[in-house]
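We name chains A, B, ... by the order of the sequence lines, and we start the count at 1 in each one.
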Protein chains: 2
Amino acid sequence: MRPAQVTLAVVLQVRDGRLQVLLWQRAEEPFKGAWSLPGGYLAPAETLEQSIRRHLADKVDVREVAHLEQLETRSDPERHPGEWQLATAYLGLVPSDVNPALPEDTTWHAVGRLPELAFDHGEITLAGRERLRAKLSYTNVGFALAPDTFTLSELRDLYVAALGHAVSATNLKRVLLRRGVLLPTGELRPSGQGGGRPAACFRFEHSRLHITDPFAVLRPPRVID
Amino acid sequence: MRPAQVTLAVVLQVRDGRLQVLLWQRAEEPFKGAWSLPGGYLAPAETLEQSIRRHLADKVDVREVAHLEQLETRSDPERHPGEWQLATAYLGLVPSDVNPALPEDTTWHAVGRLPELAFDHGEITLAGRERLRAKLSYTNVGFALAPDTFTLSELRDLYVAALGHAVSATNLKRVLLRRGVLLPTGELRPSGQGGGRPAACFRFEHSRLHITDPFAVLRPPRVID
DNA sequence: CCACTTTTAGCCTGGTAGTCTAAAACCTTG
DNA sequence: CAAGGTTTTAGACTACCAGGCTAAAAGTGG
């Protein structure tokens, strides 16, 4: 006797200054009418990542998911009322400048004000947000939330939405520049409504995940004691 | 058609000053005679964690595993030659002062000099070591590698073995004390062979995982700019 | 040209890690 | 019992980096 295997995705994007997650409304029991994470059954000869990409493609153009990583596998026998089902969750990130066409039953929801979700999808969504918040601090995941090119204020607003607290644009710039994850493009963005100095444009150096050795602690010393 | 689900464990311990992993030698095809990670099939009405604890119990006293966390789920359809099989790997840590009784077919192997392992167990083992190394820096996982009470030199030796590079006992002490994860017991350890000043004994404050907010970067500023 | 806005550069401060030196405390040996 | 060797420990010093602040730069609108 074997459990069914499904894949799920917590797809996050900053929209309207808030971190939002892609949800669809279930048309069938159980949890008919409840919001839930996109996903579905694993097919033969498929990896989990291929599976979640395939199911995601039903909801959103997968090319717009700039980053995808495995989150965790849920196995509580009671997590699905009718079926013994394991669920492997992925975290997906979508840059803030794309606005994918969505099916009728699918929309974005602010992670800060989630409705009751089906199954354990609420917990999974929060786990995804936590993973994002942690990685924003010691990796360059920002690239997956930001447009190709952006000003520092725009980037700060993304960080604010994702982290849930204020961020200093001054510090953000210095830190990311020093780490070499940010690159000035040289262009200027004309100032918008109400004037103000034109902002310099930046890009992320790499568009694949790169962790910046964050810990001064316990780094290899040059001399042993 | 459903895949089989197995659980695996990367059980690590520092032995003889080296980081070692618990392996058993397969008695059956495929990979007969090859070393592999302990684990086995998921049983009905069982969570993945219960499953790996059950399978681990065949090899080692599970009470001696001080920390257990989910690592990743492997899903390459080719990872097992004869069966469509998903494997969820766990990371387990055993304090250096216990020496569990082991079955005939099971022994410790230095992670630094692994033989060819069955399936993808080699990769999984290295992923486990990476996870441990990362978490040593920003959590208190050390508690799961160390005895109840220890001197700073002993703790440093554990870190050296796990991290694979030199560590300054001076820094280690200061960092862990400031973070409040280490606690002086007040006792002294009588000096051993050849004399030397007696060492102070320490304990870990908590014996459950606690992450110490590591990143000054992007922390909530008190004033916004 | 002046008031207002936003961005940017630069300085100062505080905290933490890495290095080094010397002292403390114990052992062994002559 | 004094001298020398060994290990641990405390403390000072330095370097680096993030957070906070201020003022200048560079636009817009009246």
Give the nucleotide from the list [options] with an atom nearest to the side chain of [X].
X        : options                : result
B:Arg178 : C:dG18, C:dT16, D:dT9  : C:dT16
B:Pro198 : C:dA25, D:dT9, C:dG18  : C:dA25
B:Arg197 : C:dA24, D:dG20, C:dT16 : C:dA24
A:Thr170 : D:dT9, C:dT16, C:dA9   : C:dA9
B:Arg179 : C:dA17, C:dA23, C:dT7  : C:dA17

- Check for a donor-acceptor pair, side chain of A:Ser75 on one end and backbone N or O of B:Leu48 on the other, with a separation under 3.5 Å. yes
- Can you check whether A:Leu42's main-chain N or O pairs, donor with acceptor, with A:Arg54's side chain at less than 3.5 Å? no
- Note on the structure: Rounding to the nearest 10°, end axes of the helix from C:dC1-D:dG30 to C:dG30-D:dC1 built from five pairs each make an angle of 10°
- Query: For B:Tyr90, what residues pass the ring-ring contact (aromatic ring centres under 6.0 Å, His included) criterion, not counting sequence neighbours?
  - Reply: none
- Query: With A:Phe150, which residues qualify under ring-ring contact (aromatic ring centres under 6.0 Å, His included), at least two apart?
  - Reply: A:Phe204
- Item | Partners passing side chain to side chain donor-acceptor pair (under 3.5 Å) against B:Arg53 (at least two apart in sequence or in another chain) | B:Glu49
- Task: Taking only heavy atoms on the protein side, list every residue of residues 145-153 of chain B lying under 4.0 Å from any atom of DNA chain C, sorted numerically.
- Result: none
Show me, pair by pair, the donor-acceptor contacts under 3.5 angstrom made by side chains of residues 107-124 of chain B, not counting sequence neighbours?
unit_1	atom_1	unit_2	atom_2	d
B:Asp120	OD1	B:Arg79	NE	3.4
B:Asp120	OD1	B:Arg79	NH2	2.8
B:Asp120	OD2	B:Arg79	NE	2.8
B:His121	ND1	B:Leu37	N	2.9
B:Glu123	OE1	B:Arg74	NH1	2.9
B:Glu123	OE1	B:Arg74	NH2	3.3

- Item | Residue pair B:His55, B:Thr7: steps toward the side-chain contact (heavy atoms from CB on, under 4.5 Å) verdict | CA-CA 8 Å; B:His55 289 295; B:Thr7 51; 3.8 Å; yes
